[in-house]
Visitor: 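To start, I am sharing the structure in question, which I have written as structure tokens.
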Amino acid sequence: MATSPAPSPAPSAATDLAALEDERARIERAQAGDLDAMRPILERYAGPLYATVILPRVGNVAIAEELLGDSLSAAIEKLGRFTWQGKSIYPWLRQVALNKVFDRFRDGSRRRRLAEALAQALEVEADPVAGADATLLAEEERRQHKARIAGTLDALNPRYREAIELRLVQERSREECAAALGVSIGTFDVLLFRAIRAFRKQYGEP
């Protein structure tokens with residue numbers, strides 16, 4: 001089973017001049033041909049890209065891991081287009097990842113609404129605020145996704161919501177969940193399946 005990148009927040013490069021200078025120097029070396037110089041930077045930002053940019057938008061671990069790899073590869077290929085502006089490269093990497101997510105789904109008719117929503121997001125986020133650093137972007141996205149998930153749960157049938165909270169939030173066993181709801185394990189499995197399906201449908205609405 002693949003191990004997902006750790007969802008640790010990106011370091012605040014804006015408040016760490018030494019880290020920012022190291023990042024600038026490594027990028028210059030990479031643009032001059034020493035691509036290994038980018039390895040620590042990509043390792044540092046892989047977690048935030050995966051946890052706050054890619055996975056919440058695709059909702060599938062395997063696809064998210066694949067898109068993370070594609071995004072990091074694309075970043076290396078396009079590094080020559082990056083221009084240092086005195087701030088972290090994270091916003092640029094984030095945009096590369098968003099583009100990969102959009103490319104993945106834009107041709108699928110079942111994902112058309114997702115593609116349209118991403119297209120709007122790309123248009124809005126194409127020029128990130130100059131002073132924004134990786135930490136602020138990651139934390140803001142976490143806050144937005146947490147609020148959206150909470151709102152989706154609130155909109156569900158109470159029985160569905162309780163099944164999801166017991167099994168997926170509290171991580172209780174199937175037996176414990178069934179007992180808490182007063183049903184058999186088989187009935188609980190069906191209930192959880194329907195609850196997750198309802199959650200996905202509700203979460204995908206604009």
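Only a predicted model underlies this, so the values are computations on that prediction, with no experimental measurement involved.
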Visitor: Could you tell me which non-hydrogen atom of A37 sits nearest to which non-hydrogen atom of P40, and how far apart they are?
Guide: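 Taking A37 first and P40 second, the nearest heavy atoms are O-CD, 3.4 Å.
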Visitor: Mind checking side-chain contact (heavy atoms from CB on, under 4.5 Å) for S184 and listing every partner two or more places apart, or none if nothing turns up?
Guide: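 In terms of side-chain contact (heavy atoms from CB on, under 4.5 Å), with neighbours along the sequence ignored, S184 is linked to T187.
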Visitor: For V53 and A97, which heavy atoms make the closest approach, and how far apart are they?
Guide: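 Looks like CG1-CB, 4.0 Å.
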Visitor: Can you tell me how far the CE atom of M38 sits from the CZ atom of R44, to the nearest 0.5 Å?
Guide: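 Rounded to the nearest 0.5 Å, the CE-CZ separation comes to 9.5 Å.
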Visitor: With sequence neighbours left out, write down each residue that passes side-chain contact (heavy atoms from CB on, under 4.5 Å) with A198, or none if nothing qualifies.
Guide: L156, Y160
Visitor: Just grab all the salt bridge (charged side-chain N to carboxylate O under 4.0 Å, His left out) pairs involving residues 152-166, residues at least two apart or on different chains.
Guide: none
Visitor: Could you give the distance from CD1 (I196) to CD1 (I164), rounded to the nearest 0.5 Å?
Guide: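 It comes to 6.0 Å.
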Visitor: side-chain contact (heavy atoms from CB on, under 4.5 Å) with I185: which residues, sequence neighbours excluded?
Guide: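 Listed in chain order: R174, E175, A178, D189.
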Visitor: Report yes or no: do L181 and V190 belong to one cluster of Ile/Leu/Val/Met/Phe/Trp/Tyr joined by side chain heavy-atom distances under 4.5 Å?
Guide: no
Visitor: Side chain to side chain contact (heavy atoms under 4.5 Å, CB included), that's the test. Do L42 and L93 meet it? Break it down for me.
Guide: CA-CA 9 Å; L42 297 181; L93 292 174; 4.3 Å; yes
Visitor: With F82, which residues qualify under ring-ring contact (aromatic ring centres under 6.0 Å, His included), at least two apart?
Guide: W92
Visitor: What residues, two or more places apart in sequence or in another chain, satisfy salt bridge (charged side-chain N to carboxylate O under 4.0 Å, His left out) together with R194?
Guide: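 Residues passing salt bridge (charged side-chain N to carboxylate O under 4.0 Å, His left out) with R194: none at all.
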Visitor: Can you give me the closest heavy-atom contact between A163 and L192, atom names plus distance?
Guide: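 Scanning both residues completely, I find the closest heavy atoms to be O-CD1, 3.9 Å.
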Visitor: Working to the nearest 0.5 Å, report the span between CG of L49 and CG of L55.
Guide: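 L49 atom CG to L55 atom CG measures 12.5 Å (nearest 0.5 Å).
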Visitor: Could you tell me which non-hydrogen atom of L79 sits nearest to which non-hydrogen atom of Q31, and how far apart they are?
Guide: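 Closest approach of L79 to Q31: O-NE2, 2.8 Å.
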Visitor: Can you list every pair that meets salt bridge (charged side-chain N to carboxylate O under 4.0 Å, His left out) and has a residue in residues 24-34, with sequence neighbours left out?
Guide: E21-R24, D22-R26, R24-E28, R29-D34
Visitor: Taking E23 for the side chain and I41 for the main chain, is one N or O donor matched with an acceptor at less than 3.5 Å?
Guide: no
Visitor: Tell me every residue that passes side-chain contact (heavy atoms from CB on, under 4.5 Å) with E176, counting only those two or more places apart in sequence or in another chain.
Guide: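 Partners of E176 under the side-chain contact (heavy atoms from CB on, under 4.5 Å) test: R172, S173.
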Visitor: Do F193 and L166 share a hydrophobic cluster (ILVMFWY, side-chain heavy atoms under 4.5 Å, transitive)?
Guide: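 In one cluster: no.
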Visitor: Please set out all donor-acceptor pairs under 3.5 angstrom arising from side-chain atoms of residues 66-77, sequence neighbours excluded.
Guide:
residue, atom, partner, partner atom, Å
E66, OE1, R104, NH1, 3.4
E66, OE2, R104, NH1, 3.0
S71, OG, L67, O, 2.7
S73, OG, G69, O, 3.0

Visitor: Distance check, rounded to the nearest 0.5 Å: L191 atom CG versus R167 atom CZ?
Guide: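 The distance works out to 12.5 Å.
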